[in-house]
Amino acid sequence: MAQKPSTPKGTRDFSPNEMVRRNYIFDTIKQVFQRYGYLPIETPAMENLSTLMGKYGEEGDKLIFKILNSGDFKEGVDLSLNSKQLTNKISEKALKYDLTVPFARYVVQHQHEITFPFKRYQIQPVWRADRPQKGRYREFYQCDADVIGSTSLLNEVDLVQMIDEVFTTLKVPALIKINNRKILNGIAEIIGEKEKIVTITVAIDKLDKIGIDGVNKELQENGLSNEAIQKLQPLIEFQGTTLEKLNFLKKLLASSNIGLSGIEEVEYIFKTINNLKLNSADIELDITLARGLNYYTGAIFEVKATIGTLTSSICGGGRYDDLTSIFGLLNMSGVGISFGADRIYDVMNELNLYPESVTESTKLLFVTFGEAEQNYCLPLLSIVRKAGLNSEIYPDANAKMKKQMSYADDKKIPFVVIVGSDEMESGLLSLKNMATGEQEKISIDNIIKKIK
RNA sequence: GUGGCCAUAGUUCAGUUGGUUAGAAUAUCGGUUUGUGGUACCGAGGGUCGUGGGUUCGAGCCCCAUUGGCCACCCCA
């Protein structure tokens, strides 16, 4: 019996009309990256398991797709080990979980060939063993741009401008949220719960979803003292403009050096951006923005689309001061952003934000009535192609005209050339504009001039 | 990893308290129209009802398990 074909859970196929839309997104992002001086690299789909483990927190480790060792993977393995130990025995490779950690590995491995600061971009799929749902896939493309080997905040400014430029071009209204891990550290310091920083940030991050009572409850459950929770209240509740937020924080964190340095960084980024002006994106300081990935140490970014039903982020990033030290390279601060191409694709599909031209690939189709006409058209087809026009001829000589026209219509080909005995005699071809239905007799040279 | 809803043609869905041969729309192919597409009309092909088991004289419908999908939590792009 034939088995019912399907793709694995959380993965999908992309047909031609979907791929042209996706490529439009990829091309837009790529162009912006290159305009800001970033160059492409590529890393393997799989990494050594040891490269990835421990970089994304305990939850992240569980979500890494592990690859079973080839050969008899259970030979010589003590099967009574617990699953975590067993995993390390039977799997030594894994599919990459993001592009940032493999990039850190790349930088350390190639440090002697690289001129710093090093600006690279990378557009590749990553895999997560998450349970799929709206906007969440097990295979999805990330589009990363990172600078490594520079602590200048100008890099952060650059990245914000790039985000604005991408979403302006794609016509996706976007809100860029910015915060700084140092501010969060400062807050943890002030309320006397320095070591609970992760708990605090994760809880605060949920403010939008569960409200202030929910956040307090979660903090309490995670062992934060009532005193600390009380001290946290004015901060969580604070509303105001970015300037007001900054002034408020300056007072609150006056005794925390790390907190003040975070404020200073944010202030610089906002001032500079305000002077330069963004094209369309909105930007705000969100002191409840935390982000889960453990490696961030400075600025953190998150971008959401302000239209459509997708509420999760479509772009995220931040500064990491210490990521390469795990692989033995110290003092190499980096900052980067990652566009979630699949989520951007979903938002754009929902609202149909694509320009008309993206679906158009072939410009001109030769419609013929038989072999003689086909042979007559072949040299013409070459001429048209050499002139740089995407064009094709219907391959089956005996196909009815209706079929050939339907083909053109279905493929959204804007022009067809119809060639029969009249045309072959006169050398003037019938050119039909599929949108208007107009038709004229015209030479091949004029066709090229007209369409190009 | 936890919870909720769902699963019938390629796709979107009907299918009565369990009852004979499982329907529609759309898509595909063909025809009306062998030099004119997107409209219209006619016709054809396409389903062991996700899979496995159970209850029953009888299951698309009821029960159990399993797999997959959607959604929420967790986490994240």
Side-chain angles (χ1 to χ4, degrees), chain A residues 1-13 15 25 29 56-64 83 97-100 123-144 163 198 201-203 205-206 209-210 214 218 290-294 301-305 309-318 336-347 365 367-370 373 394 398-424 429-439:
Chain A
M1 186 181 50
Q3 103 189 44
K4 194 166 191 170
S6 67
T7 61
K9 195 194 217 84
T11 65
R12 39 190 191 163
D13 289 326
S15 299
I25 296 171
I29 293 173
Y56 311 104
E58 213 171 302
E59 281 300 312
D61 283 354
K62 287 187 206 156
L63 299 179
I64 294 171
S83 23
Y97 180 88
D98 73 354
L99 302 179
T100 309
I123 298 179
Q124 287 191 265
V126 299
W127 293 269
R128 295 185 188 177
D130 234 335
R131 201 137 142 186
Q133 54 176 281
K134 190 178 173 76
R136 181 194 286 180
Y137 304 96
R138 290 185 141 187
E139 177 185 66
F140 60 96
Y141 274 77
Q142 289 195 329
C143 314
D144 277 34
I163 294 170
V198 175
T201 53
V202 168
D205 200 27
K206 290 179 200 160
K209 278 183 185 167
I210 60 180
E218 184 163 326
R291 293 186 58 75
L293 289 174
N294 285 346
F301 309 105
E302 192 163 290
V303 184
K304 291 183 176 187
T309 58
L310 189 77
T311 52
S312 39
S313 59
I314 52 177
C315 177
I337 48 168
S338 176
F339 291 88
D342 291 78
R343 285 182 178 174
I344 296 170
Y345 173 69
D346 286 349
V347 170
L365 174 76
V367 169
T368 63
F369 296 99
E373 286 87 346
Y394 197 88
N398 297 320
K400 285 179 187 164
M401 189 156 183
K402 181 185 168 107
K403 177 134 178 116
Q404 301 189 45
M405 295 299 285
S406 301
Y407 177 83
D409 191 57
D410 190 55
K411 236 176 142 176
K412 297 191 167 50
I413 298 174
F415 294 96
V416 297
V417 165
I418 301 164
V419 178
S421 46
D422 291 356
E423 284 82 358
M424 288 199 288
L429 312 177
S430 295
L431 177 72
K432 177 161 182 160
N433 180 325
M434 292 295 279
T436 63
E438 282 165 17
Q439 200 165 319

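All figures in this text were calculated on a predicted structure; none of them were measured in a lab. A note on names: the letters A, B, ... follow the listed sequences, proteins ahead of strands, and every chain is numbered from 1. Heavy atoms only: backbone and side chains are in, while hydrogens, waters and symmetry mates are out.
- Checking side-chain atoms of A/Q404 against main-chain N and O of A/A399 turns up a donor-acceptor pair under 3.5 Å.
- Within 6.0 Å of the CZ atom in A/F140, the count of heavy atoms belonging to other residues, nucleotides or ligands exceeds 12.
- Partner assigned to B/U2 is B/A72, using Watson-Crick or G-U wobble distances below 3.5 angstrom.
- Looking at which nucleotide of RNA chain B each of A/C315 and A/G10 is closest to, the 5′-most match is held by A/G10.
- Contact annotation: the side chain of A/R343 never approaches that of A/C315 to less than 4.5 Å [non-hydrogen atoms, C-beta and beyond].
- Taking only side-chain nitrogens and oxygens, A/K134 never comes nearer than 4.0 Å to OP1 or OP2 of B/A72.
- Pairing for B/U34 is absent, judged as Watson-Crick or G-U wobble with the two contacts each under 3.5 Å.
- When heavy atoms are screened at a 4.0 angstrom cut-off, A/G135 is found touching base atoms of the nucleic acid.
- The side chain of A/S338 has B/A77 as its nearest neighbour among B/C76, B/A77, B/C75.
- Look at A/Q133 and you'll find a side-chain N or O under 4.0 angstrom from OP1 or OP2 of B/A72.
- Straight-line distance from the CZ atom of A/R131 to the P atom of B/A72: 13 Å, rounded to whole Å.
- A/S430 approaches A/E423 most closely through the heavy-atom pair OG-OE2, 2.6 Å.
- B/U2 atom P lies 14 Å from atom CG of A/D130, rounded to whole Å.
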Discussion item. Using side chain to side chain contact (heavy atoms under 4.5 Å, CB included), reason through A/K411 and A/L365 one step at a time and then give a plain yes or no.
Written reply: CA-CA 10 Å; A/K411 236 176 142 176; A/L365 174 76; over 6 Å; no
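- The base-pairing partner of B/U21, taking Watson-Crick or G-U wobble contacts with both distances under 3.5 Å, does not exist among the strands shown.
- Between B/A59 and B/G19, the two C1' atoms lie 10 Å apart (nearest whole Å).
- Residue A/K206 is in sugar-phosphate contact alone, with no base atom involved, counting any heavy-atom pair closer than 4.0 Å across all strands shown.
- Aromatic ring pairs are classed by plane angle as parallel below 30°, tilted from 30° to 60° and perpendicular above 60°; the pair A/Y407 and A/Y394 is perpendicular.
- By the 4.0 Å N-to-carboxylate-O rule, A/R128 lies too far from A/D342 to be salt-bridged with it.
- A distance of about 43 Å separates the P atoms of B/U67 and B/G30, rounded to the whole Å.
- Both A/E218 and A/E302 sit near RNA chain B, but only A/E218 has its closest nucleotide nearer the 5' end.
- Residue A/Y97 contributes atom OH, which lies 10 Å from atom C1' of B/A77 at whole-angstrom precision.
- With P as the reference atom, B/U8 and B/U12 are 8 Å apart, rounded to whole Å.
- Counting any heavy atom pair closer than 4.0 Å across all strands shown, A/G370 reaches no nucleic acid atom.
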Worksheet item: What string of B, S and - do you get for nucleotides 34-40 of chain B, 5' to 3', when a contact is any protein heavy atom under 4.0 Å?
Response: -BBBB--
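- A gap of 40 Å separates the C1' atoms of B/A27 and B/U2, to the nearest Å.
- Figure legend. B/A7 is base-paired to B/U67; pairs are counted as Watson-Crick or G-U wobble with both atom distances under 3.5 Å.
- B/C75 sits 36 Å from B/A14 when the P atoms are compared, rounded to a whole Å.
- Here B/A77 presents its P atom at 13 Å from CZ of A/F339, a figure rounded to the nearest Å.
- Between the CG atom of A/D342 and the C1' atom of B/C76 there is a distance of 13 Å, given to the nearest Å.
- Computed from coordinates, the A/I64 CD1 to B/G1 C1' distance equals 16 Å when rounded to whole Å.
- The shortest side-chain heavy-atom distance between A/I25 and A/F339 does not fall under the 4.5 Å cut-off.
- With both ends at atom P, the span from B/U48 to B/A9 equals 9 Å, rounded to whole Å.
- Taking atom CZ of residue A/R128 and atom C1' of nucleotide B/C75, one finds them 9 Å apart after rounding to whole Å.
- Looking at heavy-atom distances under 4.0 Å, A/Y137 makes contact with a base.
- Atom NZ in A/K9 sits roughly 14 Å away from atom C1' in B/G50 (whole-Å rounding).
- The same atom, C1', is picked in B/G60 and in B/U16; the two are 13 Å apart, to the nearest Å.
- Taking the P atom of each, B/C61 and B/G54 are spaced 14 Å apart, rounded to whole Å.
- Looking at heavy atoms from C-beta onward, A/M405 lies in side-chain contact with A/M434 at the 4.5 angstrom threshold.
- Base pairing annotation: B/A59 forms no Watson-Crick or G-U wobble pair, as no partner gives both donor-acceptor distances under 3.5 Å.
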